[in-house]
Amino acid sequence: GLLSEPDDVVYLSRVLCLVRRQLEFFVATEQDEEFRRSKGGLTRPIVPGRVGIRCIHCRHLPPNERAKSHSSFPNSIGLVNQSVRNY
């Protein structure tokens, strides 16, 4: 589901509200794992079933056609906000 919530406007800046409306939570598949492994540089492997955050605009494209930072897999709940800011 989308990362944004209806009451975001009460607590967050307009820019952050806009960014959050462009992102969604998703569950990694084997295809996500294979693509991320091929890129290297991961400290924690992406395994099928792991929850991530991704761009809603390129989610339906093949992995090699998506934007460079189309998805993120924060290592903890506490890092979700940081991952959103990095978009």
Side-chain angles (χ1 to χ4, degrees):
L2 284 176
L3 192 60
S4 66
E5 294 289 333
D7 63 345
D8 282 353
V9 296
V10 175
Y11 304 103
L12 304 172
S13 70
R14 289 185 298 185
V15 171
L16 194 50
C17 289
L18 175 66
V19 170
R20 286 170 54 105
R21 286 193 301 269
Q22 313 312 309
L23 303 173
E24 69 179 358
F25 289 110
F26 75 107
V27 177
T29 64
E30 288 183 18
Q31 184 182 31
D32 296 315
E33 174 194 19
E34 291 170 11
F35 180 71
R36 289 298 295 257
R37 190 171 359 111
S38 72
K39 291 175 63 177
L42 295 174
T43 56
R44 184 174 171 202
I46 305 307
V47 296
R50 184 168 172 191
V51 175
I53 301 169
R54 69 179 172 196
C55 170
I56 62 171
H57 302 287
C58 58
R59 66 183 172 202
H60 299 296
L61 297 173
N64 60 338
E65 293 180 21
R66 295 175 187 163
K68 182 178 179 181
S69 297
H70 70 277
S71 63
S72 176
F73 294 89
N75 287 325
S76 71
I77 272 283
L79 295 175
V80 169
N81 191 44
Q82 179 181 338
S83 293
V84 170
R85 285 192 320 250
N86 289 342
Y87 275 95

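In this chain, numbering begins with 1 at the start of the sequence shown. Note: hydrogens, waters and symmetry copies are ignored here, and every other heavy atom, side chains too, is used.
Taking each heavy atom of Ile53 and Pro74 in turn, the nearest pair found is CD1-CG, 4.0 Å. Contact detail for Ile56 and Arg21: the closest heavy-atom pair is CD1-O, 3.5 Å. Smallest separation of non-hydrogen atoms from Ile46 and Glu33: O-CG, 2.9 Å. Closest approach of Cys58 to Ala67, counting heavy atoms only: SG-N, 3.9 Å.
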task: Kindly indicate, with the supporting measurements, whether the criterion side chain to side chain contact (heavy atoms under 4.5 Å, CB included) is fulfilled by Asp8 and Glu5.
output: CA-CA 5 Å; Asp8 282 353; Glu5 294 289 333; 3.5 Å; yes
message: Checking Val51 against Phe26 for the side chain to side chain contact (heavy atoms under 4.5 Å, CB included) test, could you report, in this order, the C-alpha distance in whole Å, the side-chain angles of both residues, the deciding distance, and whether it holds?
response: CA-CA 6 Å; Val51 175; Phe26 75 107; over 6 Å; no
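Hydrophobic clustering (ILVMFWY, side-chain heavy atoms < 4.5 Å, transitive): Phe25 and Val27 are in distinct clusters.
Every salt bridge (charged side-chain N to carboxylate O under 4.0 Å, His left out) that Arg59 has, sequence neighbours left out, goes to Glu24.
A distance of 14.5 Å separates CD in Gln22 from CZ in Arg54, rounded to the nearest 0.5 Å. The distance from atom CZ of Arg66 to atom CG of Leu61, rounded to the nearest 0.5 Å, is 7.0 Å.
The main-chain N or O of Phe73 is found under 3.5 Å from a side-chain atom of Arg50 such that the two form a donor-acceptor pair.
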